[in-house]
Each structure stands twice: as C-alpha cells, then as structure tokens.
Chemist: 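For reference, the structure I am asking about is given below.
Quick caveat, the model's predicted, so the values are computed rather than measured. What's counted below: heavy atoms across the whole structure, side chains too, no hydrogens, waters or symmetry copies.
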Amino acid sequence: MSQWNQVQQLEIKFLEQVDQFYDDNFPMEIRHLLAQWIENQDWEAASNNETMATILLQNLLIQLDEQLGRVSKEKNLLLIHNLKRIRKVLQGKFHGNPMHVAVVISNCLREERRILAAANMPVQGPLEKSLQSSSVSERQRNVEHKVAAIKNSVQMTEQDTKYLEDLQDEFDYRYKTIQTMDQGDKNNALMNQEVLTLQEMLNSLDFKRKEALSKMTQIVNETDLLMNSMLMEELQDWKRRQQIACIGGPLHNGLDQLQNCFTLLAESLFQLRRQLEKLEEQSTKMTYEGDPIPMQRAHLLERVTFLIYNLFKNSFVVERQPCMPTHPQRPMVLKTLIQFTVKLRLLIKLPELNYQVKVKASIDKNVSTLSNRRFVLCGTHVKAMSIEESSNGSLSVEFRHLQPKEMKSSAGSKGNEGCHMVTEELHSITFETQICLYGLTIDLETSSLPVVMISNVSQLPNAWASIIWYNVSTNDSQNLVFFNNPPSATLSQLLEVMSWQFSSYVGRGLNSDQLNMLAEKLTVQSSYNDGHLTWAKFCKEHLPGKSFTFWTWLEAILDLIKKHILPLWIDGYVMGFVSKEKERLLLKDKMPGTFLLRFSESHLGGITFTWVDHSENGEVRFHSVEPYNKGRLSALPFADILRDYKSHGQQKEGTKVMFHLFLSPFQQSEAIQLSHILHQISCPCLQVSMQC
C-alpha cells in the first residue's frame, strides 16, 4: 500500500494534521495525482544536490503535463484549470531554486510518515502533545491580534502628528499676522478677539501634544509588554519545535507568522520614531512654558530605540540547522573537511536591507567547550542576505560550502579532554552581522544548536545519539558543557523519539507493542509511560550479557532496514521488536508453518525468523535460524531467502516449512498488501496469519 493510501485511511484528527502542511508550495492535488511517482523519487538526496533537484523539478512538470493531457480528454474543466494554475505557480516559484521544491516535498513525505507512526501509537507522545497545546495556538492568535492593534494605533498617531503640524502652521500664521498689524489696529475689539482665538489654539495645541505623547507612551508600553512576553514566548516555542524537528519530530512551522509580526512591529517602531522626530521639529519651531515635548520626547525616543535594538537582536535566527548533504537525516553532526549547509533568516523583512546585510560564520567564538580540539571554517564564510535567496520571499542567506577543519594542537593532542568522548564534545557555529538603517547601527549575533564534530564516519552513530539526548533533555540552545553532567530523560519521551527515528529514517514508526519491547530492553518495566533513563544506560553501558550498548544495537537495526529490508519494513511485514519469550507465546497456538520476522537481540544488525510446527505426537516445536546480517544480505536479498528457505534439520531434507506470515494487530489492516509483496518475491505459497 502506498504511503498516500495509508494517509487517506487515517482518522479525521490525523487528516487535519496532514492538511496543515500542504499549501501552494506543494498543493495536495499534486500529491494525490502523482502519489506513486512522488514516493518513488529520492527527494532527500535532491534537497542537497542542485543538478538532481533540477532534473526532478523538470520531471515533475512533465508528469503534470501528462496529467493535464489525461484530464483534458475527460473534459474535467475544474481540474484542468487547477492543474494549469498549479503548474504555472510551481514553475515560477521554484525555477531559480529547484532544491527548495525537493526540501518541501521531502518534508511533506517525512511528516506523513511521522503522522502515520503517531496514529499507530496508543496515545500521543508527551513531546508531540506539548508542541500541539491549544494554549499555544491561542497565544499565536493573540500575538497577531495585538501586533495588528499596535500597527493601527501607530497609524492613528500618524494622523495626530499631521494634525498637530497643521494646527501649529495655522497658529504660526495667525500669530505672524498679528505681529505685522499696525499699533492702532492692535487695540480694537477684533484684535482682542484674535488674541483670544490664539490662546484657545495654543491651549488646544498643548492638549493635542500631550494627548499624542500619551498615546505614543501607551503604544511603547504595549509593544514592550508584547515583545517581552508573548512574542518572545512564541519565538522560544518555535526554537523548541525546531529542536524537536531536528531529531525526527513534527515539522516546525510558524516562522512566516513570526516574520510577519516582527516586521510589522519594526515598521511601527520606525514610524513612531519618525513621529517623535517630527514632534521635535515642531517644538523647535514653537515652544512655550510647560511644553510636554522637551520633557517627554527624549525618554520616549530612547525607549523606542531600545525596542528596535531588542527586536532586531531576536529576529536573527538559524532557520535550518547545520547539516551535511550526505546525511540529511542527521543534522548537527559535522565531519571534518566535509561541506555542510546552514540557513540564516532575519525575521524583519524590510526592502532597504536586501543585499545590505553581510553575515560572517565562525566556530566556537568566545565559548568554552569540553574539547581540547579547535576548528576553523573553510570555504565561503561571508555572504549577503537577500530576499531572492528564498522562494518564500524571506530575507535570508544559505551557506552551502562551509567545511570544518581541525587545527593542529601545539601539544599534538587530538584525543579527548578528561573522560569525555569526542562524540560528547559540543561545538557552536556563530553568525555575526551588522544592520545600518535609518541612522542606527545594530550588531547582531546568533548561534546554531550545539553540533558534534567527527573525523570518521564510524563516529556518526554515537554523535547522533548525543544530538538526540541533548535536544530531548534541554531547551538551552548553548549549553556546550551539557555532557559534564547529562540529565536523565523520561522513558516516554525517549521512546517517542525512537519511533521518530524509524518514521523519518526508514519510513515507518514503531507501534506500542514494539515500543514496549524497547522499554523492556532498557529497563525492567513493561510499559513506556513512566520512568527515567540515564545517558549512560542509553549509550555507554553495555546491555546485560552483550558487548554493545542499546543505542549501538538500535542504530545497527536502522542501518539493516535502510539497506536491506526497506520494502518489507515499510509495508509492515517485519514485527521486528519482539523477545524470544514473547515470540513463543505468539506462535504456540498457531497452525504449523506460521512464522514471524524479528530483529536479533544477540547480533548487531541481524534479522531472523522463527516458525512453529508439531511433532508426530502433537508436541509444539519452534525453529529459528541463525540471524542474517548485512554481509549475508548483501549477497542474497532477504525476500529471496524467505522465498527459497527450506529446512535441513529434523524434517525431511529440503522441505519448505514456512507458509503463514504472522502479523500483529497493528499490521492486520495492511495484510492485503502481503499478496503483492509475495508476488514480487515469487512466493505464492505463503499466507497471512493474524494475531487474535
């Protein structure tokens, strides 16, 4: 069953989540019409390969043309109109940046897999639940409403400032008119009336100046409160969502909404600053005793300028964390002398800043790490931000040719510092720039999430474990000494993340039975709802009676699935995580020849199968094979092994013994697909056995 068909069978609450990430960047109509073709392309690889992305974009447009030809024959006017519009939008939006369409489609497919995995879980995981809180959505709406209200208030004070200017001009004209009158005319009644009018105008001018300054003070207070409460909370929530997305969790969105809020606030503050400058000009032309402008304007201007500085400093963010194109699903793990990409964004999008903001990248700037290794960045490490850099029109810059190089230590040491492994050393990529705008000069700096530097690809699994543990355990974006004393993680959170590893890396997450087995593997518990786990237990201490850690075992299984049994795993035919004891309980009452596929607990990256039969006296017997590892599977595909397997033991030589593939309840809904995959491996004699 295709991934898209599985998505369409989800409950409505999950379908609503799917609906949220399909938009004009990648319309759902295209996903539906080209489902199988889209799933057969390697969008992840294309997202970091411009040539490949260009070819895929061209092929996507060709596929659309073929669909247009088909629906034209059917005379489906509405669909023809929509497809023509979509094709035009896609070609215009992505023609200059084909890798972006690969990123968009790759993210959508990954998010579908995550939602499918979530649908298989008995309850929503704690991390995902925290990110989808209704109070967060309510705060987002409140922020947007308050920003719009501030923008509207500034427009009103703009009118007040203009009215003050007109009123002062009229007063000035009348006053000068009196000054030019003859002495005799100044004593008549008309003159006295004119003086009274001028006094009334001065009173009105004084009142309006005080009123305008009062309104401006209120706007500054509201902006200050909004920025330091809800807006910063929104930004911190986005950064937390980004952390979770980096380790396989739900896609982080909301940056466009944040950009809109930041930009509107910046425009409002600059407009307020100009209004205060106009008030100063008016006061210079005409002042009087008790004039409120000299007394209040300077302080207000100082506050407005401070808010502008603060807004800009928080608007400089890492939109996409450092990642090697060769390992798109392992961000923040960087290998020396291998290029990585990283994208920065300024959430204040002003046309005056286009191509005017140059960003400089460096590594471990003014920070202390656990490492005695030092690095420099090679390649283009200074680039200008531009609106054209991104297809969504944001002011951004992407570094695509940076590579870290280790500096030779004077002591000649390239080892660890203290008891810490290289994969526990955290480093930081820092980005600096300077904004010069409307007479202000603002220095900005931001940093990536902590990265792990490796010199050999064999270090990647443990480095990725460090990235997972860090981002599960803390919201702190710059705790480079985290592994001095790493905190424990809740078992429920950790197992949720483990399921994400499978959904994002090999296309199918883990169900509750599989997660329960992992919980038993890690602890003595049979449930993954409670308990804590230490970093050492997860990644450093060997499993009981084994020569490897839990994480090494799990990572080897991921690698096995990716390279050797991916179709079987995606379609749900591998029960995988089931203990030998549970295996026998499941099979003992099944008909002879029933078998199941599980991962080896004693061999790294091994998969085995066990079947049940009965002796002549009716005794139940279980038979297992030596686990197949990547070496054996490289020589012969696992599907062929299942098709051709024959017993060479107690039974008659060369007898085919496996007929019924055992599926758990979470796999039963997809059992219809078994005939398809068995047809692919030419094994028509196998059947499906359901768990009751």
Side-chain angles (χ1 to χ4, degrees), residues 227-228 231-240 242-243 246 255 258-259 261-263 265-266 269 305-323 331-332 334 340-350 352-369 371 374-386 389-390 394-404 426-451 453 470-471 474-482:
M227 283 177 53
N228 289 297
L231 186 61
M232 290 305 108
E233 288 175 9
E234 278 294 295
L235 182 60
Q236 291 306 313
D237 277 352
W238 176 84
K239 290 181 177 180
R240 180 56 179 162
Q242 184 188 51
Q243 279 187 277
C246 283
L255 201 56
L258 275 172
Q259 175 182 284
C261 292
F262 270 79
T263 301
L265 281 179
L269 288 170
T305 303
F306 176 79
L307 290 175
I308 291 173
Y309 272 78
N310 195 30
L311 192 67
F312 266 97
K313 286 182 180 296
N314 285 287
S315 72
F316 192 37
V317 298
V318 179
E319 181 176 357
R320 192 161 62 242
Q321 293 293 330
C323 182
M332 286 104 77
L334 307 181
F340 67 90
T341 65
V342 60
K343 188 175 182 180
L344 284 295
R345 182 164 171 178
L346 193 68
L347 297 179
I348 298 174
K349 179 188 170 184
L350 300 176
E352 299 91 330
L353 297 176
N354 197 22
Y355 289 107
Q356 302 302 309
V357 182
K358 291 186 177 180
V359 180
K360 177 184 177 183
S362 59
I363 186 167
D364 291 340
K365 175 181 178 287
N366 300 326
V367 295
S368 59
T369 75
S371 175
R374 294 294 176 261
F375 299 88
V376 293
L377 291 179
C378 302
T380 305
H381 62 281
V382 178
K383 287 189 69 176
M385 304 188 90
S386 71
E389 181 80 17
S390 179
S394 60
L395 188 60
S396 60
V397 60
E398 184 172 10
F399 292 91
R400 298 175 184 169
H401 305 290
L402 292 174
Q403 55 181 337
L426 300 179
H427 302 266
S428 178
I429 313 294
T430 301
F431 305 92
E432 304 168 84
T433 189
Q434 189 177 76
I435 302 292
C436 297
L437 187 66
Y438 304 137
L440 298 179
T441 300
I442 310 171
D443 293 321
L444 304 182
E445 182 175 304
T446 192
S447 295
S448 70
L449 289 169
V451 300
M453 308 295 302
Y470 182 95
N471 290 287
T474 180
N475 298 348
D476 189 343
S477 62
Q478 285 301 296
N479 183 7
L480 301 186
V481 294
F482 174 85

Chemist: Ignoring hydrogens and geometry, is there a side-chain-to-backbone donor-acceptor pair from Ser448 to Ile429 under 3.5 Å?
Modeler: yes
Chemist: Can you tell me if Lys358 has over 12 outside heavy atoms packed within less than 6.0 Å of its NZ?
Modeler: no
Chemist: Can you tell if the side chain of Thr380 reaches within under 4.5 Å of the side chain of Phe399, non-hydrogen atoms only?
Modeler: no
Chemist: Output yes when a side-chain donor or acceptor of Glu319 lies under 3.5 Å from a complementary backbone atom of Ser396, and no otherwise.
Modeler: no
Chemist: Looking at every non-hydrogen atom in both residues, tell me the closest pair between Val451 and Pro322 and how far apart they are.
Modeler: CG1-CG, 4.1 Å
Chemist: Identify, with sequence neighbours excluded, every residue that meets side chain to side chain donor-acceptor pair (under 3.5 Å) alongside Ser447.
Modeler: Thr430
Chemist: Between Thr263 (side chain only) and Lys349 (backbone N and O only), is there a donor and an acceptor less than 3.5 Å apart?
Modeler: yes
Chemist: So which heavy atom on Gln259 is nearest to which on Leu395, and how close?
Modeler: OE1-N, 4.4 Å
Chemist: Could you go through the side chain to side chain contact (heavy atoms under 4.5 Å, CB included) check for Val317 and Leu235 one step at a time?
Modeler: CA-CA 10 Å; Val317 298; Leu235 182 60; 4.2 Å; yes
Chemist: I would like to know whether Leu334 and His427 meet side chain to side chain contact (heavy atoms under 4.5 Å, CB included); could you show each step before the answer?
Modeler: CA-CA 10 Å; Leu334 307 181; His427 302 266; over 6 Å; no
Chemist: When you compare the side chain of Tyr470 with that of Pro450, does any pair of heavy atoms fall below 4.5 Å?
Modeler: yes
Chemist: Which residues satisfy the ring pair (Phe, Tyr, Trp, His ring centres under 6.0 Å) test with Tyr438, sequence neighbours excluded?
Modeler: Phe270
Chemist: What closest approach, in Å, do Leu311 and Ala266 show between heavy atoms, and which atom pair accounts for it?
Modeler: CD2-N, 3.5 Å
Chemist: Can any side-chain N or O of Gln242 pair as donor or acceptor with the backbone N or O of Val318 at less than 3.5 Å?
Modeler: yes
Chemist: Among Thr441, Asp443, Leu440, Leu346, which residue meets the side chain to side chain contact (heavy atoms under 4.5 Å, CB included) test with Ile435?
Modeler: Leu346
Chemist: Are the side chains of Leu426 and Val481 in contact, using a 4.5 Å heavy-atom criterion?
Modeler: no
Chemist: Measure the spacing between OG of Ser362 and CG of Leu402 and express it to the nearest 0.5 Å.
Modeler: 10.5 Å
Chemist: Does a side-chain heavy-atom distance below 4.5 Å link Phe340 with Leu377?
Modeler: yes
Chemist: Of the options Lys343, Arg345, Lys383, Arg320, which is the one that meets Glu398 in a side-chain hydrogen bond (donor to acceptor under 3.5 Å, both in side chains)?
Modeler: Arg320
Chemist: Ignoring hydrogens and geometry, is there a side-chain-to-backbone donor-acceptor pair from Thr474 to Asp476 under 3.5 Å?
Modeler: yes
Chemist: Before you tell me yes or no, could you show the steps for Cys436 and Gln356 under side chain to side chain contact (heavy atoms under 4.5 Å, CB included), namely the whole-Å CA-CA distance, both residues' side-chain angles and the distance that decides it to 0.1 Å?
Modeler: CA-CA 8 Å; Cys436 297; Gln356 302 302 309; over 6 Å; no
Chemist: State which residues pass side chain to side chain donor-acceptor pair (under 3.5 Å) with Asn475; sequence neighbours excluded, sorted by chain then number.
Modeler: Arg240
Chemist: Could you give the distance from CZ (Phe316) to OG1 (Thr433), rounded to the nearest 0.5 Å?
Modeler: 5.5 Å
Chemist: State which residues pass side chain to side chain donor-acceptor pair (under 3.5 Å) with Glu432; sequence neighbours excluded, sorted by chain then number.
Modeler: none
Chemist: Identify, with sequence neighbours excluded, every residue that meets side chain to side chain donor-acceptor pair (under 3.5 Å) alongside Glu445.
Modeler: Lys365
Chemist: Is the closest side-chain heavy-atom distance between Leu444 and Val357 below 4.5 Å?
Modeler: no
Chemist: Excluding sequence neighbours, so at least two apart, what forms ring pair (Phe, Tyr, Trp, His ring centres under 6.0 Å) with Phe262?
Modeler: none
Chemist: So Asn471 and Cys246, side chain to side chain contact (heavy atoms under 4.5 Å, CB included) or not? Walk me through it.
Modeler: CA-CA 8 Å; Asn471 290 287; Cys246 283; 5.7 Å; no
